[in-house]
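Let me begin by handing over the structure; questions about it come next.
In the text below, chain A, chain B and the rest are named by the order of the sequence lines, each starting its count at 1. Side chains are part of it too, since the values below use all heavy atoms of this structure and drop only hydrogens, waters and symmetry mates.
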Number of protein chains: 2
Amino acid sequence: MPAPTPERPDAPRLADFLCFAIYSANLAYGRAYKPILDELGLTYTQYIAIIALSEEDNQSVGGLGEKLFLESNTLTPILKKLEALGYIRRQRDPADERQVRVSLTPEGRNLREKALPMNLAAAAGLGEDFPVVQKAVVRLRSNLLKAARGQGAKAVETAEAE
Amino acid sequence: MPAPTPERPDAPRLADFLCFAIYSANLAYGRAYKPILDELGLTYTQYIAIIALSEEDNQSVGGLGEKLFLESNTLTPILKKLEALGYIRRQRDPADERQVRVSLTPEGRNLREKALPMNLAAAAGLGEDFPVVQKAVVRLRSNLLKAARGQGAKAVETAEAE
DNA sequence: TGTTTTTAGATCGGACACGATCTAATCGGA
DNA sequence: TCCGATTAGATCGTGTCCGATCTAAAAACA
C-alpha cells in the first residue's frame, strides 16, 4: 500500500476541478444510462439525436449539429447508422443539393415514445437544486464555447479563476 | 429554412435534460482546453492523469483508475503513451507482480508545473455560484455511479424526476 | 502442497469526438 | 455569364471509453 505523497500540497486538487467534475459526471451518466439504452439498442449519441429530431423534424445535418454541438464528421456516421436501423431518413434537399435533410420514420417516432421515461433519471439527490445546477451547467457551457470560438487559450487565460 | 415542427410539444426538451447539459459542457471544456493542451502536447485525459500522479506518486494502475473513474482498458494505452513521451515511468511492483506502479519522471513533474495555470480556467460567469455548482456536479456523479453500480436500469427508473 | 478462484493489467473490437482534408453545390462579383 | 470563394457533408486518422476476453500472479482452501 503506497503512502499518500502529495507532490505539491499547495497545488489545486483534481477533485476540486470543475472540468474534472463535469468530465467524470459525463462518464457516470454514460454508465447509468447504458442499461436502458442497451434495451433500446441505442448509444447515447444516437439517443440524443433521436430526441432532437423529435423536437423538430426534417432538419439539416448542420442544424442538428448546432443543437447537439456536433459537426458533420461526428454526425454523419451516426445518422447513417440510425438510417440503417430504420429510425431516420436522410435525403438531399432538392432546393439545395448540398444539404441533407433528416427526419424520423414512424419507427423512430415510436422509439422516442419508448424512451420517454428516460428524461426522468438519476438526478436523485440534487432535489430542489436541480434546476439551479442545470442552468449553471448550461451557462458554463455557453461561456466555454464563447472562449473556444473566440480564440481559445487567450480567452481562457483571462477568465476568472476556478 | 425548415419550420419548427415540435413533434411532441408535451415531451421534455433536450435543452432541459441535465444529462445533455453535462454531456455538452464536457464537449465545450474539451474545446476550450484544446489550445492550451496542444501547447503542452497533451490530450485532456493525459493531462488529468498527470495531475492525479502529481498528487500521489507511485500509484498502481487500478488506484489511479479509481481517482480518474477509468479502468485499465482505457488507462493502459494512455499510460503507455505518457511513458513513451517520457513523462511517467511504469514498473511492475516487485511485492506483487500483478500490479504496475506509475510515477512521474522529472520531465513529468516539470510539465505539471507548466500546466499549473490551467486549473484556473473558463469558469468565468459562474461567479460565486462556482463552488455550489462544483459540489452539485460531484454529488450528481456520485449518485449516478451508485445507480450504475447498483444495478443500472432498475435504480434509474426509481430515481427522482429531472 | 496442489488446485481452484480471484485479482491486476493488457488486448481487442465497436462507437464516439475531432482536426484536416476532400468533393460537390451554391454564391458573388467582375 | 463565368470563375473564384464559400458552404454542406463526407471521409480519414488519432485518441479516448467501454464491454468482453485473455494472461499471469497471488490468494484461498481442501
Side-chain angles (χ1 to χ4, degrees), chain A residues 1-2 20 23-35 37-38 41-49 59-66 68-85 90-102 145 148-149 152, chain B residues 1-2 20 23-35 37-38 41-49 59-66 68-85 90-102 145 148-149 152:
Chain A
M1 183 174 296
F20 180 66
Y23 163 81
S24 49
N26 184 49
L27 294 183
Y29 253 124
R31 290 165 204 178
Y33 270 4
K34 189 113 212 317
L37 288 170
D38 277 351
L42 289 180
T43 66
Y44 181 72
T45 317
Q46 291 167 359
Y47 164 67
I48 58 172
Q59 293 183 77
S60 69
V61 173
L64 190 58
E66 256 182 60
L68 301 182
F69 303 97
L70 295 172
E71 293 177 30
S72 72
N73 51 5
T74 300
L75 268 181
T76 296
I78 293 166
L79 295 177
K80 284 190 169 180
K81 176 72 180 189
L82 284 175
E83 182 181 39
L85 290 171
R90 293 164 64 247
Q91 45 195 353
R92 291 277 163 188
D93 187 337
D96 184 346
E97 289 281 345
R98 289 173 305 178
Q99 297 189 16
V100 170
R101 298 266 159 210
V102 186
L145 289 178
R149 304 263 169 209
Chain B
M1 182 175 296
F20 181 66
Y23 164 80
S24 49
N26 184 50
L27 295 184
Y29 253 123
R31 288 165 204 178
Y33 271 5
K34 188 118 212 315
L37 286 170
D38 278 351
L42 289 181
T43 66
Y44 180 73
T45 317
Q46 292 167 0
Y47 163 69
I48 58 172
Q59 293 184 79
S60 67
V61 173
L64 190 59
E66 256 181 59
L68 301 181
F69 302 96
L70 295 172
E71 293 176 31
S72 71
N73 51 6
T74 301
L75 228 34
T76 296
I78 293 166
L79 295 175
K80 283 189 170 180
K81 176 74 180 188
L82 285 176
E83 183 181 40
L85 291 172
R90 293 163 64 246
Q91 45 194 355
R92 292 276 164 187
D93 187 336
D96 184 344
E97 289 281 343
R98 289 173 306 179
Q99 297 190 16
V100 170
R101 298 266 159 213
V102 188
L145 289 178
R149 303 261 170 212

Judged by each residue's nearest nucleotide on DNA chain D, which is more toward the 5′ side, A/Gly63 or B/Glu97?
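Nearest-nucleotide comparison on DNA chain D picks A/Gly63.
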Might you work through the side chain to side chain contact (heavy atoms under 4.5 Å, CB included) test for B/Leu75 and B/Val102, ending with a clear yes or no?
CA-CA 11 Å; B/Leu75 228 34; B/Val102 188; over 6 Å; no
Could you tell me how far apart B/Arg98 (CZ) and C/dA8 (P) are, to the nearest whole angstrom?
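For the pair B/Arg98 CZ and C/dA8 P, the rounded distance is 6 Å.
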With the sugar-phosphate defined as primed atoms, P, OP1 and OP2, and the base as all remaining atoms, what B/S/- string results for nucleotides 12-21 of chain D, 5' to 3', for protein heavy atoms under 4.0 Å?
B--SSBBBB-
Any heavy-atom pair between the side chains of B/Leu82 and B/Leu42 that's under 4.5 Å?
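In short, these two side chains touch, coming nearer than 4.5 Å.
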Indicate yes or no: at least one non-hydrogen side-chain atom of A/Leu68 is less than 4.5 angstrom from one of A/Thr45.
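Of all side-chain heavy-atom pairs linking A/Thr45 with A/Leu68, none is under 4.5 Å.
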Just to confirm, is there a sub-4.0 Å distance from OP1 or OP2 of D/dT11 to any side-chain nitrogen or oxygen of A/Lys80?
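True: A/Lys80 side-chain N/O within range (under 4.0 Å) of D/dT11 OP1/OP2.
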Grab the CG-C1' distance between A/Leu64 and D/dA10 for me, whole Å please.
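That distance rounds to 16 Å.
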Atom pair distance, as rounded to whole Å: CG in B/Asp96 and P in C/dA8
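Nearest whole value for this atom pair: 8 Å.
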Rounding to a whole Å, what distance do you find between A/Arg90:CZ and D/dA8:P?
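The distance from CZ of A/Arg90 to P of D/dA8 comes to 17 Å, rounded to the nearest Å.
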Expressed in angstrom and rounded to an integer, what is the separation of B/Gln99 atom CD from C/dT7 atom P?
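Taking atom P of C/dT7 as the reference, CD of B/Gln99 is at 13 Å.
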Which word best sums up how the rings of A/Tyr44 and A/Tyr33 line up, parallel for under 30°, tilted for 30 to 60°, or perpendicular for over 60°?
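Because their plane-to-plane angle lies in the 30° to 60° range, the rings of A/Tyr44 and A/Tyr33 count as tilted.
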With a 4.5 Å cut-off on side-chain heavy atoms, are A/Val100 and A/Leu79 touching?
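Answer no - side chains too far apart.
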List in chain and number order the residues that pass side-chain contact (heavy atoms from CB on, under 4.5 Å) with B/Lys81, two or more places apart in sequence or in another chain; answer none if no residue qualifies.
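B/Gln46, B/Leu85.
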Rounded off to whole Å, could you give me the CG-to-P distance for the A/Leu68 and D/dG9 pair?
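Computing the A/Leu68:CG to D/dG9:P distance gives 13 Å.
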Between C1' on C/dA17 and CG on B/Leu37, what's the gap in Å once rounded to a whole number?
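In whole Å, C/dA17 C1' lies 15 Å from B/Leu37 CG.
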Expressed in angstrom and rounded to an integer, what is the separation of A/Leu75 atom CG from D/dT11 atom P?
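In whole Å, D/dT11 P and A/Leu75 CG are 14 Å from each other.
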